[in-house]
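We name chains A, B, ... by the order of the sequence lines, and we start the count at 1 in each one.
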Number of protein chains: 2
Amino acid sequence: MNNQWQETMLAEVKAGGRISDQHIVDMIRQAVLSQRLPPGTRLPEVALGEIFGVSRSVVRKALTRLASYHVITQQPNQVARVCAPDIDETHEIFAARRLVEGEVVALLAGALEPEQCAVLANHMEAEKAAYAEGDESARIEHSLAIHHYLADHAPNRILGKMLSELILRTSIVIALYKQPSLASCYLVGDHDTLLACLRDGDAEGARRAIDQHLASLEQLLDLRAQENRIDLAAIFGKLGG
Amino acid sequence: MNNQWQETMLAEVKAGGRISDQHIVDMIRQAVLSQRLPPGTRLPEVALGEIFGVSRSVVRKALTRLASYHVITQQPNQVARVCAPDIDETHEIFAARRLVEGEVVALLAGALEPEQCAVLANHMEAEKAAYAEGDESARIEHSLAIHHYLADHAPNRILGKMLSELILRTSIVIALYKQPSLASCYLVGDHDTLLACLRDGDAEGARRAIDQHLASLEQLLDLRAQENRIDLAAIFGKLGG
DNA sequence: CCACCGTTTTTTGTATACACTATGGGCAGT
DNA sequence: ACTGCCCATAGTGTATACAAAAAACGGTGG
């Protein structure tokens, strides 16, 4: 049933106070990232309006913005759906992120204050602790915090914004294609070498570290999944029709 | 007076048929690029609605999308205005574009079919002809066509989209800061060397060519303007406060 | 049993009305 | 003459109503 996430959101709405389009954007984005809203989920405007207690006007604005972030897809006269990038697009997203994040950390190398490095180091320790405890969602949260910190402090704000969006899209495809069996073993170590390069002002080393980190991440995904998914979809389609 | 562009748009509306939000987006974007809508121009929803013959709903959707393209800025309860990036942001836009377009042409090097190269070559000849005739707007149009062609044919569609947006933003700041005195002398030649590299499959050469091309372009802008603007702002700020 | 077609239901597209907020100009006080 | 306040105006924020399109459903004929 897809009433699950609706209830979750409703609860948050009841708890919180007034709801604006930005809140809706944030909540839907979070719900997508945490896989409470699986890719392909239909997002009818009236239903969302009832859930959040606002009218379609506000929902539409939120959906428009979510579409510009590539969280959902909107086609004329059709209901909005949660994005489900295909394998090709996934590779392209990773390639773009390698380029942008590589440049960001290269610019950042040697430009970070000691306390900023400390913030990063804290997140990395927390990430390792979460990994040791097997708390995967906490590990992911800290990992995201690291990368978002890099994006937010990029000397070039345009590249920073780009990186933020790419981190979001990367998270979506990871949620989509990650094979549950494989653990994120190497990834934690990558962050340490990155931090070392940032401290030393080794721009090219930082770029390489990020590049390798993202390559490892991409390796963890199941790119054969395409066949499986298509088969399943076809089967269910036949059964349902 | 700013009734000029309104009349132009009205004429186009009368000539054309139905108007959708996408049309409005395109027309406003074009108007901004061709400087019919100077930076800072107010864009009230009701006025636009009357001009295009649609209601505020459609206008609002168009404005939201224009904001996501960074063509206009929107603040709560305030009139939307045409973007006017400051000098810092201008440099950052150029830096981001150098990175992205450099990667795109590097990916494209050796991957273009002969007829695709021919298309580029045609635009370059047309650009040179326009330059020789002193038809600056035609030259710009062909130059934009070249870069958009590269963006549209990028092997990585995400990078292609990014490049498209960066070309747009670059055009805006060029329209903003270009000093009318300086001609675009070297720029035409850059395109030729780029094409040669693309044909030869010289990825790094193509990257360098684009890099230098964009650097030259940035040089043509008047970045001292900052002092003037800031001085004026500071003066008025002091007087006002 | 399956495919095709018309009808009903769902969902989006657009216009419009009302409420709230910001902006600008005039007026009184200094 | 200048400053501060108040009110009129302009403009956006939100909700809602109606029209059009798409999707889902059921019935009919092969």
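- Of the candidates dT14(C), dG13(C), dT11(C), dT11(C) carries the atom nearest the P44(A) side chain, counting heavy atoms from C-beta on.
- For the pair D21(B) CG and dG13(C) P, the interatomic distance rounds to 9 Å; values are reported in whole Å.
- Atom CG in L48(A) sits roughly 11 Å away from atom P in dT11(C) (whole-Å rounding).
- Heavy-atom distances to DNA chain D give each of V54(A) and E45(B) a nearest nucleotide, and the one nearer the 5′ end belongs to E45(B).
- Separating the CZ atom of F52(B) from the P atom of dT14(C) is a distance of 14 Å, rounded to the nearest angstrom.
- Taking atom CD of Q75(A) as the reference point, atom P of dA21(D) lies 17 Å away to the nearest angstrom.
- The phosphate of dA23(D) has OP1 or OP2 within less than 4.0 Å of a side-chain N or O from Q78(A).
- The separation between Q22(A) atom CD and dT14(D) atom P is 12 Å, rounded to whole Å.
- Across residues 59-73 of chain B, R60(B) each have a non-hydrogen atom less than 4.0 Å from an atom of DNA chain D (numbered order).
- For dT14(D), neither phosphate oxygen OP1 nor OP2 lies less than 4.0 angstrom from any side-chain nitrogen or oxygen of S57(A).
- Using cut-offs of 30° and 60° on the angle between ring planes, the pair H147(B) and H213(B) is parallel.
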Fill in the blank from the handout: Whether each nucleotide of nucleotides 5-10 of chain D has a protein heavy atom under 4.0 Å at its base (B), only at its sugar-phosphate (S) or at neither (-) is summarised, 5' to 3', as ------
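- Evaluation of atom-type donor-acceptor distances gives no pair under 3.5 Å for the side chain of R56(B) against the base of dG11(D).
- Nearest-nucleotide positions on DNA chain C for N77(B) and Q74(A) put Q74(A) closer to the 5' end.
- If you take OG1 on T41(A) and CD on Q35(A), they are separated by 10.5 Å, rounding to the nearest 0.5 Å.
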